[in-house]
Amino acid sequence: MNPLVIGIAVFAIFVVSMFLFFASCYKRCPSNAILAIYGKVGEGQSVKCYHGGGAFVIPLIQDSKFLDLTPMTINIPLSKALSFQNIRINVPSTFTIAIDTSKEAMNNAAVRLLELTSKEIEKMATEIIFGQLRLTVASLRIEEINQDRERFLMAIRNNIEPELRKIGLTLINVNITDITDESGYIESIGKKAAATAINQAKIDVAEQDKKGDVGAAAAEQERRIQVAKYNAQAVEGENVAKANIADYDATLKEKEAVADQRGQVAEQNAEAEIQKAKAAAETRRLEAEQVVPVEIDKRKVEIDAEARAERKRREAKGEADAIVAVKTAEATGIQKVLDAKAEGYNRLVDSCGDNARDAATMLIVEKLEEIVKLQTEAIRNIKIDKVTVWDSGNSEKGSSTANFMSNMVKSLPALHDVAGMAGVDLPEYLGEVAEKKVVKQAKPSKSASPKPKVDPSAE
């Protein structure tokens, strides 16, 4: 055979076996039983109980059993129980018990009743019930036991149920069949109660007969009173009906008068409303014909005035913007000129070897021509009416007229003198001023009298 097929078959058998194993380990708890799992079930616990559902039981470590929840009926033939009055009574009763399903009670039942049979559980419960029932009877009077059965049953339940819960049981029902005593006390109480009941019945019969006679007379009296009352009410009803008819007639007439008055008032109000509507219509017509055109003209004047004012504001704003633009442009131009001059001055100073004095001298040298021109312009328009020259006649020095013209030309400031007036020393490469030679002139003789000569060009 193929090994693969064999392997698959073995694996399938293994899976099925594991499934069956785990299925056998899972214990389901029916509704009429308690599943008790014991062994190693947890720290501090000896058993775990489940009512309904299910749980896994680990083999070799844990085991489980079921506790039956079927109720058990126990007959308690209690006899010669001593009551509170020291009278012995017989209290035959039937108790229905079962294992409780609360958590604490299930644990108690699993601890104390797990290995016991139903007979053994009934025997244990019977002992507990006998003892607590005797205790209950001893704490009550016979009247309380015989007459107030609810109180007696409540006392039984309060005394027996806590003791049963200690072993995991609960009390479902208590049924007391009959209560008797050996001394006949309860029978005497019954006879007394019977005689009392018979006498009370006779009294009740006589009382009822009396009530019957009185009731018949009262009924006759009530009949006559009611007949007379009904007759009076009939007459009164007729009178009330007549009065109501008259009242209704008067009310009708009043309502008719009020309706007529309301109709007249409505007509007057309608007429007044018509007049008001006509007046309102006439007012609206006059407003449309006279007031509305005036308002329109007024509005047009206001709109025109606002338009002219807005135009003037916009023109003024435009002129102001233009002036600002012009001044801004001029300032920008001046700034650019100053920047250019500053750049030129910086370059001039750089070319003069960072000597600001030489740079200023170069600027003045460029303007000397204009300065000389201004000086010549200053004396060009001077009008000389007559020039008289006294000639000494000394031929060695030349004529006085020639010397006058020469000195006049020399009186114009030289280049270095002009620069000196400006507070600037010209550099050496522009030359130096030659020293003047002083020539001593011969004094004229006293005998020779100078003759004045007239410069023909002066006229």
Side-chain angles (χ1 to χ4, degrees), residues 24-42 44-59 61-82 89-140 145 149-150 152-179:
S24 64
C25 292
Y26 187 78
K27 301 295 182 181
R28 295 179 298 276
C29 181
S31 59
N32 63 341
I34 294 174
L35 175 62
I37 300 175
Y38 55 91
K40 189 173 180 59
V41 295
Q45 290 182 335
S46 61
V47 65
K48 275 189 177 181
C49 296
Y50 299 91
H51 180 218
F56 279 100
V57 179
I58 303 174
I61 298 177
Q62 296 176 346
D63 201 352
S64 64
K65 283 189 178 181
F66 290 98
L67 290 172
D68 192 6
L69 294 178
T70 304
M72 293 172 286
T73 302
I74 302 175
N75 294 318
I76 306 296
L78 181 63
S79 61
K80 298 181 180 181
L82 192 63
I89 62 175
N90 302 320
V91 187
S93 56
T94 302
F95 288 80
T96 302
I97 63 172
I99 296 176
D100 196 1
T101 57
S102 63
K103 185 176 180 180
E104 182 180 359
M106 286 192 301
N107 289 333
N108 292 338
V111 171
R112 294 179 174 88
L113 306 177
L114 187 61
E115 298 293 338
L116 299 180
T117 62
S118 298
K119 295 296 182 181
E120 293 173 340
I121 295 173
E122 289 180 6
K123 183 178 180 181
M124 185 182 298
T126 301
E127 296 296 331
I128 294 174
I129 293 171
F130 261 112
Q132 295 300 320
L133 185 58
R134 288 182 181 276
L135 179 62
T136 304
V137 171
S139 63
L140 297 174
I145 296 172
R149 291 295 180 91
E150 289 294 331
F152 181 45
L153 293 176
M154 184 61 67
I156 293 172
R157 185 175 293 275
N158 292 335
N159 289 330
I160 295 176
E161 195 165 28
E163 298 299 323
L164 292 177
R165 192 177 293 275
K166 293 178 181 179
I167 61 173
L169 299 176
T170 183
L171 182 60
I172 298 176
N173 186 34
V174 179
N175 186 17
I176 306 298
T177 57
D178 191 14
I179 300 176

K.L.:
Rounded to the nearest 0.5 Å, what separation is found between the CG atom of Leu164 and the CG atom of Asn108?
P.N.:
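If we round to the nearest 0.5 Å, Leu164:CG and Asn108:CG are 12.0 Å apart.
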K.L.:
Would Ile34 and Ile99 count as a side-chain contact (heavy atoms from CB on, under 4.5 Å) here? Give the steps.
P.N.:
CA-CA 9 Å; Ile34 294 174; Ile99 296 176; 3.8 Å; yes
K.L.:
Search all heavy atoms of Leu69 against all heavy atoms of Thr101 and return the closest pair with its distance.
P.N.:
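For Leu69 and Thr101, the tightest heavy-atom pair comes out as CD1-CG2, 3.9 Å.
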K.L.:
Please examine the side chains of Glu115 and Lys65, heavy atoms only from C-beta on, and report whether any two atoms are closer than 4.5 Å.
P.N.:
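Answer yes - side chains close enough.
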K.L.:
Give the C-alpha distance, both sets of side-chain angles, the deciding distance and a yes or no for side-chain contact (heavy atoms from CB on, under 4.5 Å) between Thr94 and Thr73.
P.N.:
CA-CA 7 Å; Thr94 302; Thr73 302; 3.4 Å; yes
K.L.:
Are Phe152 and Ile176 side-chain neighbours, meaning at least one heavy-atom pair lies under 4.5 Å?
P.N.:
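In short, these two side chains touch, coming nearer than 4.5 Å.
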K.L.:
Do Ile160 and Glu163 have side chains that get closer than 4.5 Å, going by heavy atoms?
P.N.:
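No, their side chains stay 4.5 Å or more apart.
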K.L.:
Can you find a pair of side-chain heavy atoms, one from Ile74 and one from Ile97, that are under 4.5 Å apart?
P.N.:
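The answer is yes, as the side chains (C-beta and beyond) meet within the 4.5 Å cut-off.
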K.L.:
What's the shortest heavy-atom distance between Cys29 and His51, and which atoms?
P.N.:
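That closest heavy-atom pairing would be SG-CA, 4.1 Å.
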K.L.:
I'd like to know if Glu104 pairs up with Arg165 as an ion pair, taking the criterion as any Lys NZ or Arg NE/NH1/NH2 lying under 4.0 Å from an Asp or Glu carboxylate oxygen.
P.N.:
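Between Arg165 and Glu104 there is no salt bridge, as every charged N stays at least 4.0 Å from the carboxylate O atoms.
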K.L.:
Quick one: closest heavy-atom pair of Ser64 and Ile37, and the distance?
P.N.:
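Nearest heavy atoms, Ser64 then Ile37: CB-CG1, 4.1 Å.
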K.L.:
Where do Ser102 and Asp100 come nearest, in terms of heavy atoms and distance?
P.N.:
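Of all heavy-atom pairs spanning Ser102 and Asp100, the closest is OG-OD2, 3.2 Å.
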K.L.:
Compare every heavy atom of Pro71 with every heavy atom of Thr96, then report the nearest pair and how far apart it is.
P.N.:
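Looks like CG2-CB, 4.0 Å.
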K.L.:
Using a 3.5 Å cut-off and no angle test, enumerate the donor-acceptor pairs between side-chain atoms of residues 121-138 and protein atoms at least two apart in sequence or in another chain.
P.N.:
unit_1 : atom_1 : unit_2 : atom_2 : d
Thr126 : OG1    : Glu122 : O      : 2.6
Thr136 : OG1    : Gln132 : O      : 2.8
Thr136 : OG1    : Asn159 : ND2    : 2.7

K.L.:
Between Arg157 and Leu171, is there a donor-acceptor pair closer than 3.5 Å when you use the side chain of the first and the backbone of the second?
P.N.:
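Here the side-chain-to-backbone pair exists.
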K.L.:
Rounded at 0.5 Å granularity, tell me how far CG in Leu113 sits from CG in Leu169.
P.N.:
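Answer rounded to 0.5 Å: 5.5 Å.
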K.L.:
Has the side chain of Asp68 got a donor or acceptor atom that lies under 3.5 Å from a matching backbone atom of Ala33?
P.N.:
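Pair absent, no side-chain N/O of Asp68 close to backbone of Ala33.
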K.L.:
Are any of the side-chain heavy atoms of Phe66 and Leu35 separated by less than 4.5 Å?
P.N.:
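Side-chain contact under 4.5 Å: yes.
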K.L.:
What heavy-atom pair brings Met72 and Ser118 nearest, and what distance separates the two atoms?
P.N.:
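It is SD-O, 4.1 Å.
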K.L.:
Check whether any side-chain N or O of Gln62 sits under 3.5 Å from a backbone N or O of Tyr38 as a donor-acceptor pair, and report yes or no.
P.N.:
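No: the side chain of Gln62 does not pair with the backbone of Tyr38.
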